[in-house]
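Remarks on the structure that follows.
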Amino acid sequence: MTETLPPRTVDLPAQWNPGEVEGVLYERWVERGYFEADNTSDRPPFCIVIPPPNVTGSLHLGHAMDHTLIDILTRRRRMQGYDALWLPGMDHAGIATQNVVERRLAAEGRSRHDLGREAFVEEVWAWKAESGGAILGQMRRLGDGVDWTRERFTLDEGLSRAVQTIFKRLYDDDLIYRAERIINWCPRCRTALSDIEVDHHDDEGELVSIRYGDGEDSVVVATTRVETMLGDTAVAVHPDDERYAHLVGREIELPIVGRKIPVVADEHVDPAFGTGAVKVTPAHDPNDFEIGRRHDLPMPSIMDEAAVISGSGTRFDGMDRFAAREAVREELRAQGRIVAEKRPYVHAVGHCSRCDTVVEPRLSLQWFVRVEPLAKAAGDAVRDGRVTIHPKELEKRFFDWVDNMHDWTISRQLWWGHRIPVWYGPDGEVVCVGPDEEPPTGEGWRQDEDVLDTWFSSGLWPISTLGWPDKTKDLERYYPTSVLVTGYDILFFWVVRMMMFGLYAMDGAPPFEHVFLHGLIRDQHGKKMSKSRGNTIDPLDLIDRYGADALRFTIARGSNPGADMALSEEWVAGSRNFGTKLWNATRLALSNGASPDLPLPAEADRTDADRWILGRLAEVVQQTDALLEDFQFAKATEGLYHFTWDELCDWYLELAKVQLRDERTADGTRAVLGHVLDVLLRLLHPIIPFITEALWTALTGRESVVVAPWPTDAGAPADPAANGRLADVQKLVTEVRRFRTEQGLPDSRRVAAKVEGLAGAGLGDPGPGGAAAALRALARLDDPGEGFAPTATLDVLLSGGRVHVEIDTSGAIDVAAERARLGRDLAAARKELEQADKKLANPKFLEKAPADVVENVRTRREAAVAEIERVTARLAALPEA
RNA sequence: GGGCGCGUAGCUCAGCGGGAGAGCACUCGGCUUACACCCGAGCGGUCGCAGGUUCGAUCCCUGCCGCGCCCACCA
């Protein structure tokens with residue numbers, strides 16, 4: 001037995017006040033340099049790319065999720081001895097940013113065109129500095145260890161250089177080209193969009209069939225976009241379509257416009273759809289454009305950049321496209337050319353993903369990335385295992401996308417972003433300027449007006465933040481980065497782009513080894529959060545009211561790989577409650593002198609409860625470690641939650657109270673408690689850093705749990721015999737409690753009881769760690785005294801045998817309640833018996849099922865039989881109601 | 001139109017071949033010297049429907065119904 005140490009004096013307030021403490025702890029960690037990486041270190045590197053928050057005004061739950069999960073991974077790695085580096089990012093060129101400023105201007109009745117390019121860019125910078133700084137400051141409240149200083153995220157100069165470098169390389173490799181193509185055009189943003197920035201959803205439109213030409217030379221075509229007929233330059237039919245064979249090669253007259261247009265034969269036309277004839281508007285439809293190219297058709301554009309009819313040479317010039325649609329249709333109707341109409345006609349229409357304006361396919365001169373070789377490299381990196389996607393189910397989506405990706409439109413007709421580094425000379429010269437080259441000067445030279453897609457620069461994040469294109473120490477040490485954590489919704493936008501550029505720029509080395517894709521946070525009913533629905537939750541508000549740890553714990557606990565999570569305030573409150581529970585458990589332990597510095601009792605001196613909790617601890621350590629390694633945040637968190645609450649607090653602490661009151665076991669219990677809490681707090685630290693810091697430092701007196709080692713080997717191997725006895729004690733206690741409740745005995749009232757059969761059931765230990773002591777304390781029983789007159793008896797079947805409890809309830813027992821309770825037990829046992837009998841009566845089951853399964857059923861049957869016997873006897877012994 | 005996923009307790013979700021689980025909500029009883037942000041006990045489910053495979057199916061297969069997401073140039 002170890003010598004008794006005086007209880008440690010502790011300074012733990014009765015209450016945990018996250019609002020007061022979290023910020024202070026965070027500042028302390030920063031001051032002590034815990035979050036700083038050291039590229040000269042010989043520790044293994046752990047580098048993580050942080051998704052740039054979209055600057056739209058405030059922190060939202062998506063960011064909170066990214067940062068919480070990233071911080072969990074990183075804190076664990078630090079504890080494991082890694083040299084961890086964050087690559088925090090800001091979205092530099094984002095359309096969202098520009099949109100915010102444009103909206104602000106619009107509110108004042110102005111537009112960017114009133115300001116001019118330079119003033120507008122200034123405006124955006126100002127806004128970005130203000131809001132971006134604010135957002136990043138808000139991030140700190142989550143406790144992530146990111147150095148969010150201005151210098152860190154404003155890598156404008158470096159990023160510009162990286163952008164220019166990669167552009168030039170791709171251009172020289174013929175992987176960037178400029179061409180006139182049909183692209184997605186947003187008439188409101190007045191810019192080109194890539195495919196991915198277009199959302200398709202079903203809209204109610206109309207399908208109008210129009211007769212072109214007259215008499216023999218007439219054909220009926222159907223369209224959902226009547227107004228585009230002003231730009232028609234042909235009618236196409238399938239080459240094998242006999243109905244129209246006679247028309248191919250002839251010309252028919254286009255109504256309204258009066259132009260003669262040819263009928264061409266093209267494989268693209270589906271003879272089974274509609275009339276089998278299709279109008280061809282090469283400048284306003286991607287398919288028609290292809291047909292136009294194959295047949296060398298003219299491609300007149302009949303709309304301007306705001307989607308207003310223009311240059312058609314008709315009276316419709318100057319009308320908006322939708323107004324023109326009606327006007328043209330009515331004109332055709334007046335001419336008797338409308339053959340049929342279907343309205344509403346529901347069909348998919350593309351919308352600008354940012355402003356929801358209906359996208360207009362538009363023929364224009366744009367810059368493109370020739371995606372095929374880059375996308376193939378990205379696909380191969382996953383196929384050959386250089387990059388792993390978690391969860392694996394999302395791999396297919398990744399491959400489908402990467403293997404079928406169209407060329408990427410990278411030019412944007414916006415003012416905020418990286419300018420395309422191409423200069424045009426007075427005689428048609430085109431010069432792509434590299435980062436260390438001087439752009440040509442002189443009369444008539446001008447730079448391309450367009451800027452690059454935001455994802456072009458964002459795609460460079462893992463390399464540009466490490467100093468690329470220079471061969472820096474950071475790049476050498478931290479590339480490829482370890483993990484990318486982000487929502488599955490930007491897999492294609494961002495992840496794929498980073499992979500394409502990273503692999504290209506770094507000669508086949510991918511930008512990260514693992515991609516972990518988390519789900520989206522939804523409201524309590526699983527609905528998408530949106531301002532219009534009014535179901536948005538402000539993470540800062542939650543942090544204010546419940547603490548950052550509570551929000552982090554909630555996010556971790558709900559974060560099943562690839563699945564969305566429903567978040568409600570109740571969940572956050574529940575997490576806060578967990579923190580409080582942990583706090584109070586530690587307070588109890590400390591006030592009883594628990595410490596991890598005390599030596600664990602020798603094997604032989606351990607009580608069953610000690611053995612059980614130490615065994616469970618070892619399992620929890622092993623399990624938590626494995627789950628976090630596999631990005632299973634929810635399971636890891638859930639496991640810790642149940643261990644802490646259901647096992648440690650509900651059972652071990654209650655049993656420990658008994659052990660602490662007895663000299664023989666007090667010191668051992670202090671040691672076990674101290675040990676278990678020490679390890680548990682370290683396991684929980686990545687998830688809830690603040691409260692664990694406060695508790696762990698109080699418990700251990702050491703510097704900080706941030707730099708404490710991650711537990712790998714703790715507790716003790718499981719002791720099945722002790723576990724079995726403890727399970728019996730738990731069952732015994734629960735049965736007595738159940739009986740008490742049914743009999744309406746308040747918990748506060750201790751009742752006298754005589755317990756027999758403990759020794760026979762293997763629970764004969766009379767000491768503080770034994771069943772009798774536990775039963776007295778946890779089931780609130782007193783030893784029988786003078787004049788003990790039992791009024792009720794209770795039999796409990798345990799694995800080791802039957803225990804008989806006689807209880808003095810000081811009065812008649814509630815027979816009806818007792819009958820009801822026993823009745824439920826009997827029903828359950830009979831059902832169990834029935835199921836077991838059914839199986840055992842089946843010869844095929846006995847023949848084919850594995851031996852252990854059969855054995856298990858037999859055991860259960862025996863238990864059921866014994867239970868029925870026990871309950872029946874009890875029922876018979878009860879007085880008549 | 002193609003692909004993926006989901007339908008398990010009132011709600012949100014785990015479990016995914018052999019005894020139906022958690023949190024919240026609900027009912028009853030308790031301020032038992034860590035904790036009422038708590039403790040104890042309990043109620044609650046033909047595991048979407050119909051077939052099939054199997055000794056055995058919530059779990060595997062097929063079909064259907066309902067829901068969601070992603071992708072898509074069919075007028």
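The chains referred to below are lettered A, B, ... by the order of the sequence lines, with proteins before strands, and numbering in each begins at 1.
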Describe the nucleic acid contact of A:W583 in one word from base, sugar-phosphate, nothing, applying a heavy-atom distance below 4.0 Å.
nothing
Work out how far the C1' atom of B:U58 is from that of B:C73, and round it to whole angstrom.
43 Å
G-U wobble or Watson-Crick pairing nucleotide for B:G42 (cut-off 3.5 Å, both distances):
B:C26
On a whole-Å scale, what distance lies between the C1' atoms belonging to B:A25 and B:G42?
14 Å
Would you indicate, yes or no, if B:C39 has its OP1 or OP2 atom less than 4.0 angstrom from a side-chain nitrogen or oxygen of A:W645?
yes
Using a heavy-atom cut-off of 4.0 Å across all strands, would you classify A:V857 as base, sugar-phosphate, or nothing?
nothing
When the P atoms of B:G40 and B:C6 are considered, how many whole Å apart are they?
35 Å
Gap between atoms CZ and P, on A:F289 and B:C74 respectively (whole Å):
18 Å
Rounding to an integer number of Å, can you tell me how far A:D489 CG sits from B:G68 P?
18 Å
Counting only Watson-Crick pairs (N1-N3 plus N6-O4 or O6-N4) and G-U wobbles (N1-O2, O6-N3), all under 3.5 Å, who is the partner of B:G19?
none
Rounded to whole Å, the CZ-C1' distance (A:R737 to B:C28) equals 16 Å
Atom-pair distance (NZ on A:K657; P on B:C39), nearest Å
11 Å
May I ask you to say what A:T275 touches in the nucleic acid, namely base, sugar-phosphate or nothing, with a heavy-atom cut-off under 4.0 Å?
nothing
Nucleotide forming a Watson-Crick or wobble pair with B:C60, both distances under 3.5 Å:
B:G52
Taking all non-hydrogen atoms of both residues, which atom of A:V269 and which atom of A:G276 are closest, and how far apart?
CG1-O, 3.4 Å
Could you check whether A:N404 gets within reach of a base, just the sugar-phosphate, or nothing at all, counting any heavy atom under 4.0 Å?
nothing
Partner nucleotide of B:U33 by Watson-Crick or wobble geometry (both distances under 3.5 Å):
none
Considering every strand and a 4.0 Å limit on heavy-atom distances, what is the contact class for A:T580: base, sugar-phosphate, or nothing?
base
Within less than 4.0 Å of OP1 or OP2 of B:C39, is there a side-chain N or O belonging to A:K581?
yes
pair_partner(B:G66), Watson-Crick or wobble, both distances < 3.5 Å, evaluates to B:C6
How close do A:T692 and A:L681 get, heavy atom to heavy atom, and via which atoms?
CG2-O, 3.6 Å
Nearest-Å distance, CG (A:D747) to C1' (B:G42)?
13 Å
Going by an N to O cut-off under 4.0 Å, is there a salt bridge joining A:R824 and A:E742?
yes
Dump the intermediate steps for salt bridge (charged side-chain N to carboxylate O under 4.0 Å, His left out) on A:R776 and A:D782, then the final yes or no.
CA-CA 6 Å; A:R776 271 195 298 275; A:D782 278 340; over 6 Å; no
Separation of B:A41 atom P from A:F739 atom CZ, nearest Å, is 15 Å
Distance, C1' atom - from B:A34 to B:G68, rounded to whole angstrom:
45 Å
Using the C1' atom on both, measure B:C31 against B:C38 and round to a whole Å.
9 Å
Is the distance from the ring center of A:H351 to that of A:H200 below 6.0 Å?
no
Given the C1' atoms of B:C13 and B:G45, what is the spacing between them in whole Å?
15 Å
Hey, does the side chain of A:R397 come within less than 4.0 Å of B:C71's phosphate (OP1/OP2), counting only N and O?
no
Send over the distance from A:E638 CD to B:A14 C1', rounded to a whole Å.
8 Å
So which pairs with a foot in residues 569-584 of chain A pass salt bridge (charged side-chain N to carboxylate O under 4.0 Å, His left out), sequence neighbours left out?
A:R545-A:E569
Check whether any side-chain N or O of A:K635 sits under 4.0 Å from OP1 or OP2 of B:G15, and answer yes or no.
yes
Nucleotide B:C24, atom P - distance to CZ of A:R557 in whole Å:
8 Å
So, is A:H642 near the phosphate of B:G21, with a side-chain N or O under 4.0 Å from OP1 or OP2?
no
Euclidean distance for C1', B:C43 against B:G3 (whole angstrom)
43 Å
As a test of understanding, state which of A:V263, A:V220, A:L254 forms a side chain to side chain contact (heavy atoms under 4.5 Å, CB included) with A:Y212.
A:L254
Between B:C26 and B:A9, how far apart are the two C1' atoms, rounded to whole Å?
11 Å
Under 4.0 Å between a side-chain N or O of A:N577 and OP1 or OP2 of B:C38?
yes
